[in-house]
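Here's the structure we're looking at; comments come further down.
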Amino acid sequence: MFTEIITITPEMAKEWLTSNIKNNRPIKRAKEYAEDMKAGKWRLTHQGIAFNEEGVLIDGQNRLTAIVMANISVTMSVAFDCPADSFEVLDIGRPRSLGDYLKTQNYKNYNTLGGLVKRIQAYEKGYNSLLNVNSLGHGLSAETRLNQIEFFEANKENLIECNYYGNMVYHKSTARLMSPGDIGLLYWVFGMSPEANEFIIRISTGINLQPDTSAFCMRKILEELKNKIKYHTSSELVGYWKLAWAKRNVPTKILQLKKV
């Protein structure tokens with residue numbers, strides 16, 4: 001990898017943008033940058049343009065777009081032959097999310113998939129406050145983005161399956177008692193087995209539910225929560241789900257969490 005200080009003309013910027021990495025983030029700051037350039041406020045810094053070893057633009061699309069918009073030449077630092085995996089750790093400007101990375105790799109539902117990866121990683125680290133959107137902030141930043149990518153690559157097939165499963169079950173349900181992320185996480189927690197599939201779908205849809213079963217009790221808890229009859233913290237919900245799963249094969253009239 002080597003770096004040069006280059007005065008980039010609008011024509012050069014247009015040409016370089018044609019080699020932009022596929023499915024990069026939306027351009028959001030180019031107009032702001034262009035205004036600074038036209039006002040003479042743009043300054044040369046270590047931040048600039050970067051190409052990987054294949055000549056693909058991996059950083060700087062907003063800056064290059066701004067040069068085109070401003071229609072003036074600007075001097076910038078330009079890095080060439082960056083390692084292929086450099087894109088995974090670039091955080092220049094607005095930090096790239098895991099969803100941004102997954103988008104460049106052509107994964108479907110990349111934002112929900114990225115969110116599910118964070119939920120599962122946090123759960124594996126011991127965080128239980130991962131059900132119910134009101135509690136999602138806790139623990140989801142426990143890993144760096146590079147660690148998130150490594151975890152995704154190591155568990156790719158299962159994570160994609162859980163994400164697909166969460167969306168599929170969500171759209172099968174009319175009551176929508178759980179989010180796709182909740183469903184995907186629970187499917188992971190319960191081992192992604194046929195039994196887990198049947199258990200979660202029965203509770204989500206209400207189809208073939210039998211009284212005096214833990215699934216019936218769990219469905220009632222979710223309905224009460226949605227209808228604001230009773231409130232349960234996210235951590236309590238995880239506890240109820242685990243209890244319901246543990247008692248799935250024995251007659252159960254009520255799910256009662258043990259008080260610590």
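The basis for the numbers below is simple: all heavy atoms, side chains too, and nothing from hydrogens, waters or symmetry mates.
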Short question: side chain of N62, backbone of I27 - any donor-acceptor pair under 3.5 Å?
no
Measuring only between side-chain heavy atoms, which start at C-beta, is V56 closer than 4.5 Å to S19?
no
Y101 (side chain) donor-acceptor with G114 (main chain) under 3.5 angstrom
no
What distance do L64 atom CG and L17 atom CG have between them, rounded to the nearest 0.5 Å?
4.5 Å
Nearest-0.5 Å distance, CG of residue L177 to CD1 of residue I221:
12.0 Å
d(T174 OG1, I207 CD1) to nearest 0.5 Å is 8.0 Å
Contact summary for T3 and A79, nearest pair of heavy atoms:
OG1-CB, 3.9 Å
Evaluate the criterion ring pair (Phe, Tyr, Trp, His ring centres under 6.0 Å) for residue pair F51 and W16; output intermediate values, then yes/no.
CA-CA 9 Å; F51 295 89; W16 287 0; 5.3 Å; yes
Tell me the closest heavy-atom pair linking T7 and M12, and the distance in Å.
O-SD, 3.7 Å
Sequence neighbours left out, cut at 3.5 Å: what donor-acceptor pairs do the side chains of residues 209-216 make with other protein atoms?
from	atom 1	to	atom 2	distance (Å)
D212	OD1	K253	NZ	3.4
T213	OG1	Q210	O	2.6
T213	OG1	F216	N	3.2
S214	OG	A244	O	2.7

Looking at R119 and D182, is any side-chain nitrogen of the basic one under 4.0 Å from a carboxylate oxygen of the acidic one?
yes
Heavy-atom count check: over 12 atoms from other residues, nucleotides or ligands less than 6.0 Å from F190 CZ?
yes
Indicate yes or no: at least one non-hydrogen side-chain atom of F152 is less than 4.5 angstrom from one of L113.
yes
Check the pair W188 / E124 against side-chain hydrogen bond (donor to acceptor under 3.5 Å, both in side chains), numbers first and verdict last.
CA-CA 10 Å; W188 171 281; E124 295 291 307; 3.0 Å; yes
Minimum heavy-atom separation for L255 to Y240, with atom names?
O-CE2, 3.5 Å
Can you find a heavy atom in the side chain of E15 that is under 4.5 Å from one in the side chain of E11?
no
Rounded to the nearest 0.5 Å, what's the gap from CG on N111 to CG on L102? Could you check?
8.5 Å
Within a strict 4.5 Å, meaning less than it, do heavy atoms of the E35 and K38 side chains meet?
yes
Would a 4.5 Å heavy-atom cut-off, applied to side chains only, mark I149 and L98 as touching?
yes
Can you find a pair of side-chain heavy atoms, one from M178 and one from L186, that are under 4.5 Å apart?
yes
Taking only distance into account, with no hydrogens and no angle test, what donor-acceptor pairs under 3.5 Å do side-chain atoms of residues 154-161 form with protein atoms, sequence neighbours excluded?
from	atom 1	to	atom 2	distance (Å)
N155	ND2	F151	O	2.9
K156	NZ	Y107	OH	3.4
K156	NZ	E153	OE1	3.0
E161	OE2	Y187	OH	3.3

Do the side chains of K172 and S204 get nearer than 4.5 Å, heavy atoms only?
no
Close side-chain approach of L243 to L257, heavy-atom, < 4.5 Å
yes
Between CD1 of I8 and CD1 of I67, what distance do you get to the nearest 0.5 Å?
4.5 Å
Start with the C-alpha gap between Y33 and T65, add the side-chain angles, then the distance that decides, and say whether side-chain contact (heavy atoms from CB on, under 4.5 Å) holds.
CA-CA 9 Å; Y33 290 166; T65 301; over 6 Å; no
Does T112 reach the main-chain N or O of Y110 with its side chain, forming a donor-acceptor pair under 3.5 Å?
no
Mind checking the CE-CZ spacing from M37 to R63? Nearest 0.5 Å is all I need.
8.0 Å
